Amino acid sequence: MAPNVSERTYIMVKPDGVDRGLIGEILSRFEKRGFKLIASKLALPSKEHLEKHYADLKERSFFPDLIRYMHSGPVFCMVFEGLDAVKTGRAMLGATNPLASAPGTIRGDFALATGRNICHGSDSVENAEKEIALWFPEGTLQYKLSQAAMIYE
Ligand code: UDP
Ligand code: MG
């Protein structure tokens, strides 16, 4: 089967990451890795919107704190496209608990606490598509990178 170079993932700099000036750093890591940015925006989502994004976690004890944290300031929303974007995006983020994240990962380089882990990344292709539809109802862009032949065989 031909490799799927059109896989999409939803990456979001959380309010602590925005406040700490890490939008450019995080975006840059995905760009440099070879992923294609196909949508981005700064947003101030409602609590209801954030509750939809984290609907799978609504029974968890930390859910109210998570929603308060995510609602404390703007988030920077991005969609990246490329080979194995979901799995590689998660690897680039590191573990949910930054203390368990290897140095070199985003959380392993810039965060210490699970409740302030600066960045979100989709955990499956199915969830990525749901999250992209939730955050970018206007859709994503289609265009070709002139460097594609230097990134993929
Ligand atoms: N979270 C938390 N306490 C926990 C687990 C998760 O505050 O015990 C927060 C943390 O910000 C995490 C988010 O909830 O990033 C979503 O949790 P999930 O298990 O989906 O982790 P992720 O996919 O972000 O690594
Ligand atoms: Mg998750």
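One-based numbering, in listed order, for ligands and for the atoms of each. Quantities reported herein were computed from a predicted structural model and do not represent experimental measurements. Residue numbers count from 1 along this sequence.
Using a 4.0 Å cutoff on heavy atoms, Arg116 does not count as a contact of ligand 1. Residue Arg107 places a heavy atom less than 4.0 Å from ligand 1. Within the structure, the closest approach of Met70 to ligand 1 does not fall below 4.0 Å when heavy atoms are considered. Under the 4.0 angstrom criterion for non-hydrogen atoms, Leu66 is in contact with ligand 1.
Near Gly115, meaning under 4.0 Å from one of its heavy atoms, ligand 1 places the atoms 7 (O). Short contacts between ligand 1 and Leu57, defined as distances under 4.0 Å to a heavy atom of the residue, involve ligand atoms 16 (C), 17 (O), 20 (O). The atoms of ligand 1 that sit less than 4.0 Å from any heavy atom of Arg90 are 22 (P), 23 (O), 25 (O).
For the residues Ile67, Asp56, Thr96, the heavy atom positioned nearest atom 21 (O) of ligand 1 is part of Thr96. Of the candidates Tyr54, Phe63, Phe62, the one placing a heavy atom closest to atom 4 (C) of ligand 1 is Phe62. For the residues Asp65, Asp16, Leu93, Asn117, the heavy atom positioned nearest atom 12 (C) of ligand 1 is part of Asn117.
The pair Arg29-Glu25 meets the salt-bridge criterion, with a side-chain N (NZ, NE, NH1 or NH2) lying under 4.0 Å from an Asp/Glu carboxylate O. Between Asp84 and Arg90, none of the side-chain N atoms (NZ, or NE/NH1/NH2) sits under 4.0 Å from a carboxylate O, so this pair counts as no salt bridge.
Residues Phe30 and Ile106 have side chains in contact (heavy-atom distance under 4.5 Å, counting atoms from C-beta outward).
For the pair Arg8 and Phe80, the cation-pi criterion (under 6.0 Å, within 45° of the ring axis) is not fulfilled.
Below 3.5 Å of separation, one finds an N or O of Thr114 facing an N or O of ligand 1.
The residue Arg60 has no part lying near ligand 1, judged by heavy-atom distances below 4.0 Å.
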Enumerate donor-acceptor pairs with a distance under 3.5 Å from any side-chain N or O in residues 35-45 to protein atoms, sequence neighbours excluded.
| unit_1 | atom_1 | unit_2 | atom_2 | d |
| --- | --- | --- | --- | --- |
| Lys36 | NZ | Glu81 | OE2 | 3.3 |
| Lys36 | NZ | Tyr143 | O | 2.4 |
| Lys41 | NZ | Trp135 | O | 2.5 |
| Lys41 | NZ | Glu138 | OE2 | 3.1 |

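Heavy atoms from other residues, nucleotides or ligands lying under 6.0 Å from CG of Leu57 number more than 12.
Counting only distance, with no hydrogens or angles, the side chain of Arg33 and the backbone of Met92 share no donor-acceptor pair below 3.5 Å.
Looking only at atom types and distance, the side chain of Asp16 has a donor-acceptor partner in the side chain of Tyr69 under 3.5 Å away.
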